[in-house]
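Below: the structure, in structure tokens.
Residue numbers start from 1 in every chain, and the chains themselves are labelled A, B, ... in the order their sequence lines are given, proteins ahead of strands.
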2 protein chains.
Amino acid sequence: MDIARRAGVSQATVSLVISGGAASDQIAESTRQAVLAAATELGYSANVAARSLKGGRNHLLGLYTFEPVFPTDQHDFYYPFLLGVEEETAAQGYDLLLFSSVTSAADRSIYAGGANRLKLADGCVLLGRNVRHEELNALVQEDFPFVFIGRREVTDGEISYVGADYVAATSAMVAELHRRGHERILYLRAIEDTEPTRDREQGYRAGLAAAGIEVDERLIQGLADPAELSAEHVLHWIGRYGVTAILVEPTEDNRLVDALTAMTDGARVRFPEDCSIALLGEPPSWTPQLRDWTRFSLPRAEMGREAVRMLVGLLGDARSTSHQVTLPCTFVPGDSIGPVPRGDQA
Amino acid sequence: MDIARRAGVSQATVSLVISGGAASDQIAESTRQAVLAAATELGYSANVAARSLKGGRNHLLGLYTFEPVFPTDQHDFYYPFLLGVEEETAAQGYDLLLFSSVTSAADRSIYAGGANRLKLADGCVLLGRNVRHEELNALVQEDFPFVFIGRREVTDGEISYVGADYVAATSAMVAELHRRGHERILYLRAIEDTEPTRDREQGYRAGLAAAGIEVDERLIQGLADPAELSAEHVLHWIGRYGVTAILVEPTEDNRLVDALTAMTDGARVRFPEDCSIALLGEPPSWTPQLRDWTRFSLPRAEMGREAVRMLVGLLGDARSTSHQVTLPCTFVPGDSIGPVPRGDQA
DNA sequence: GTCAGGCGTTTATACGTATTAATGGGAGCC
DNA sequence: GGCTCCCATTAATACGTATAAACGCCTGAC
């Protein structure tokens, strides 16, 4: 190390001065000044790799997303999370490492190339819907500190996460519909069995139970691709099952809203005149808001911030217990729900 | 390394098998299989820190902004740049390091703490209006590889940058106004003497020259804070100098557009009926676009991408020469310019 | 039988830092 | 003056990997 030579001291001394805020009180003031001067002069900065190799921390937090975030629509969905993460990371005095290379790689795996690149950072915030649970398990076993944004379960053990309270929000949505007289409420769920979907379904059932309505399993329909949702479907459900309201999960992109808009434009189905409809979440904010859909919105930025706070907490405590937090969603009244259509009233 | 023990070979052999796709043909197939088996079994993943320590490069590109990006409006201004940088970084197989800690620190200096934290990355993309030129100079002297987004000058030597062609865009804007008969064109410039402002002024003068109009120095006015721009000012300029069109530099936030909107709302001045107005740039995109201002827009995402490409090029070439590129802006017709008002026609 | 040569593997070393144990020198005390 | 003790500094080591150089062994040739 050339700083040492420059200041005429040993490498160990330099290390003590630079990093050892604690142990550097053992160092004579004159020496410390000399070292700092030399460091400044040479534009020195510690090598992260070496530092983290040694086992020290490098003051980096990582952010890894399981989905690519570049398609602009999805990016816009994830942006508020990122904003929160970035803001709190800065507030905590850390730098933020975006694992874009892994994200964009063909195989899209944390362990691509046999290397868990996440370990570059002290800890990591994870984000994304299509999680590879086996990778999460691996992370847990290595006990690498990380926090997931969104509730996630793993088979062995518990992980830390900051989730949105989909259960309560969905349940409240059912209650809201029930207050307006609806009893035949269709729930269109994503076909993949991920945690957010499970939570919504649980909230749906809980909401019905609270309203004293028995669950009609035929009113829980899987929807593989929101784009395939058409007026025919809706009219069919109305006619066949007496559906008066629909709850539907939006995707991270704008396919759902596009489909709904197409329906409305065709005037085949009117919301809420023919049928009430509410979104169990919020479509990407960039979507031109032609319509103020009834929905609930996640506190995305706050979730990002909270995840970082939690992560920093984990880093501080050596014996890191996992933490789980769910934050409440905000109900957005919108204008797509209304009373039960005349002909269908009980 | 416990994989070595597990497979009954040496650490070097493991390294050859794991990383040396090239040199691993020297390894007997049986040995390689044994090593790979052991690696899989133990859930091994290479330590990136060690790897990059040995290799010198850690495959990180940095992004540093001279202004804090958290006030939502400014963030929205910088966001497209960030998007481009992020996208191309991923495409190049690098990870992106956001220097948020430095950004948010009180002293906001690259060299905070006597250390150049930027060196954490292999190279760095810089961004921001209020540059500290002395820091740029220092970076140049260390010859740390970096690329600035926006044209920047330093006293000693040249730096690499990807800029927007403000000169041509402003000149074209003047030509556009002249085509509609305007000859008394007021230029409201930022009061700080930064490169973008200088370029706009140069473009303004060039445009006038091309149109055969002599520059009236009284028509170049400094504007410290766009918020202070009022109907009184505009009416004054119209009455006193016979101004029929205004060119104004927008800020990274929404103060300018707010001021213009306030003027319009008060109906004190109508654009373009009373006076044409065009923005020499683009306000933050999040601004509720009450009005489609005539302006030009920077290819921000493309600038970000190009900056990363250039940076990666610098990293590849050991003998790094500096490169300068300016990208053309896009004219956005909008609806805030029109013909010369009746009473003012020559 | 000896020796060259090639191949598969290992030994040794370097990367830059943090940390512990050791070293040196100076001051204080008897 | 000699001894001890303390404190500022240093030497030594470890972290996990990549790589050049060295090594041993086996084959083929003379």
Round to a whole Å and report the spacing from CG of A/L16 to P of D/dA8.
12 Å
Spacing between A/L120 atom CG and D/dT17 atom C1', to the nearest angstrom
14 Å
Taking for each residue the nucleotide of DNA chain C bearing the nearest heavy atom, is the 5' side occupied by B/S30 or by A/K54?
B/S30
B/E87/B/R305 ion pair, N-O < 4.0 Å:
yes
Between B/I27 (CD1) and C/dG8 (P), how many Å, whole number?
8 Å
Under-4.0 Å salt bridge between A/R309 and A/E302
yes
Check ion pair A/E158-A/R152 (N to O, under 4.0 angstrom):
no
Between C1' of C/dA14 and CG of A/N47, the distance in whole Å:
13 Å
When you measure from the side chain of B/A12, which nucleotide among C/dT19, D/dT17, C/dT11 comes out closest?
C/dT11
Residue whose closest nucleotide on DNA chain C lies nearer the 5' end, B/L53 versus B/E29:
B/E29
Answer yes or no for B/R300 and B/F77: cation-pi contact, defined as NZ/CZ to six-membered ring centre under 6.0 Å and angle to ring axis within 45°.
yes
Just call it for B/T31: base, sugar-phosphate, or nothing, with non-hydrogen atoms closer than 4.0 Å on any strand.
sugar-phosphate
Tell me if the side-chain of B/Q11 makes a donor-acceptor pair with the base of D/dA18, cut-off 3.5 Å, by modelled atom types.
yes
Please determine if a side-chain N or O atom of A/S15 lies less than 4.0 Å away from the OP1 or OP2 oxygen of C/dA18.
yes
Any side-chain N or O of A/T13 less than 4.0 Å from the OP1 or OP2 oxygen of D/dT9?
no
Strictly below 4.0 Å: does A/R51 bring a side-chain N or O up to OP1 or OP2 of C/dA18?
yes
